[in-house]
Number of protein chains: 2
Amino acid sequence: MKKTKAEAGETIQLLLQTGKQHFAKYGYAKTALEDIVKDSGLTRGALYHHFKNKEGLFFAVIESIQKQIAQNIEQQASKSSDQWEQLSLGCRAFITSAIEPDHKQIILIDGPVVIGWNRWRQLDANHSMRLLYNQLEQMQKNGCFLSLSVESLTHSLSGAMNESALWIAEKGSFDSIDEAMHVLDVYFEGLKQTN
Amino acid sequence: MKKTKAEAGETIQLLLQTGKQHFAKYGYAKTALEDIVKDSGLTRGALYHHFKNKEGLFFAVIESIQKQIAQNIEQQASKSSDQWEQLSLGCRAFITSAIEPDHKQIILIDGPVVIGWNRWRQLDANHSMRLLYNQLEQMQKNGCFLSLSVESLTHSLSGAMNESALWIAEKGSFDSIDEAMHVLDVYFEGLKQTN
DNA sequence: ATTTTAACATACATACTGTATGTATGTAAA
DNA sequence: TTTACATACATACAGTATGTATGTTAAAAT
């Protein structure tokens with residue numbers, strides 16, 4: 001009954017994938033581990049062997065999504081060499097990634113609540129908020145918005161994007177992305193005139 | 001054993017208050033109703049008589065906090081007759097109210113997750129986001145930021161304030177409020193130049 | 001070849017929510 | 001003033017979900 005290492009890896013991936021689907025569809029609280037393992041053709045034993053507990057599985061799911069989103073942001077931002085345009089492109093990429101049905105509930109709603117706000121922020125160095133912070137910090141080094149706290153600005157913009165993304169996802173219309181980005185661009189106009 | 005109406009009212013208030021304390025301290029998920037009723041010197045029967053379920057009690061707690069915060073916002077905003085200053089004062093009042101230890105966990109973290117994002121928005125007409133929307137709508141009618149969607153702007157600013165408040169609460173320093181407000185004021189500069 | 005250990009399955013303990021039922025008391029009408 | 005009923009709880013229990021302890025089998029390690 002013991003499987004080979006590669007097979008065990010597949011088991012982990014299966015649990016991650018199935019878990020992601022359930023967490024995305026039902027939310028963390030209403031997701032039953034029993035259903036996840038049943039859908040995976042496994043038992044509670046498998047899950048608790050590979051993950052510490054429900055929160056552990058959720059944490060792992062979040063990590064994989066975060067990596068994907070961060071990759072997306074970097075890819076889009078790198079399409080321009082202008083720092084303000086990079087910022088704008090990165091923000092749009094975040095919103096676009098975040099509202100994907102598989103991501104929305106996990107990233108925008110349950111994530112910070114379940115794993116706690118502190119751990120949420122520390123998640124990993126490639127977390128999307130980190131990318132935002134780095135970009136803003138670089139811009140400040142280049143002389144932009146010198147009077148502002150980059151940390152404060154990061155959280156402010158991050159929050160604006162999170163809530164905007166939720167609103168967009170709710171409306172279901174992709175035009176809303178443009179509206180939200182328009183608002184952000186207006187903020188950026190204010191930032192450009194700050195020193 | 002049946003108590004008079006007034007006494008029953010006190011029971012409700014007691015449950016609300018004790019519930020608020022537990023929800024604020026431990027978060028919704030880790031709060032046990034058993035502990036609430038024990039702390040109140042009551043039993044599950046009393047709680048389930050006056051409230052539909054755990055979520056019902058939480059909802060009632062949220063409502064009372066929302067009312068308090070909204071009242072605070074209106075009071076502060078009314079101190080000026082300049083619409084931009086009203087906006088700024090209202091925002092500061094929201095942040096200041098939201099970071100109070102008794103409010104933070106309930107309003108900023110668990111609220112939207114537990115009762116669902118839709119019901120969260122619809123909560124009541126005096127909900128703080130509604131006040132923000134009304135203020136922005138009025139300003140737009142006066143010719144401000146005509147090219148922007150007020151709805152989009154509302155969510156964007158609301159999200160910025162929520163996340164900023166969480167960050168401020170985390171740091172524990174009241175100077176952070178000024179930093180966050182400084183960022184908001186920079187946004188407002190951008191808004192002022194938009195039509 | 002033998003030992004060890006990883007990868008599960010199964011059974012069970014625990015905890016918490018919600019419900020069903022019982023009881024005592026206030027209240028209003030006959 | 002007594003009867004009928006509703007209200008305000010208490011208590012006991014059922015249902016469900018998490019997490020843990022233990023057993024089993026086969027792959028690795030020695």
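Just so we're on the same page: letters track the sequence lines, and every chain starts at 1.
Under a 4.0 Å N-O distance rule, the pair A:R119/A:E55 qualifies as a salt bridge. Comment: A:K171 engages B:E151 in a salt bridge, judged by a side-chain N to carboxylate O separation of less than 4.0 angstrom.
Judged as a salt bridge (charged side-chain N to carboxylate O under 4.0 Å, His left out), and not counting sequence neighbours, A:K25 has no contacts.
What separates CG of B:L57 from C1' of C:dG18 is a distance of 14 Å, to the nearest Å. D:dG19 atom P lies 9 Å from atom CD of A:E55, rounded to whole Å. Separating the CD atom of B:E34 from the P atom of C:dT14 is a distance of 17 Å, rounded to the nearest angstrom. Rounded to whole Å, atom C1' of D:dT24 lies 14 Å from atom NZ of A:K3. Rounding to whole angstrom units, CG of residue A:D35 and C1' of D:dT18 are separated by 13 Å. Put simply, CG on A:L33 is 10 Å from P on D:dA17, counting in whole angstrom units.
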List the atom pairs, with distances to 0.1 Å, where a side-chain N or O of residues 42-49 of chain A and a protein N or O form a donor-acceptor pair under 3.5 Å, not counting sequence neighbours.
residue : atom : partner : partner atom : Å
A:T43   : OG1  : A:G45   : N            : 3.4
A:R44   : NH1  : A:E34   : OE1          : 3.2

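More than 12 heavy atoms of other residues, nucleotides or ligands shown are found within 6.0 angstrom of CD on A:E7.
Taking a 4.0 Å limit (strictly below) on heavy-atom distances, residues 44-53 of chain B reaches DNA chain C at B:R44, B:Y48, B:N53. Contact check of residues 7-32 of chain A against DNA chain D (heavy atom, cut-off under 4.0 Å) returns A:T31, A:A32.
Residue pairs meeting the salt bridge (charged side-chain N to carboxylate O under 4.0 Å, His left out) criterion with at least one member in residues 93-118 of chain A, sequence neighbours excluded, do not occur. Listed by first and then second residue, the ring pair (Phe, Tyr, Trp, His ring centres under 6.0 Å) pairs involving residues 161-195 of chain B are A:H155-B:W167, A:Y187-B:Y187 (not counting sequence neighbours).
B:Y28 and B:F23 have parallel rings, their planes meeting at less than 30° on a 0 to 90° scale where 60° marks the start of perpendicular.
Remark: A:K54 is in phosphate contact with D:dT18, judged by side-chain N or O atoms under 4.0 Å from OP1 or OP2.
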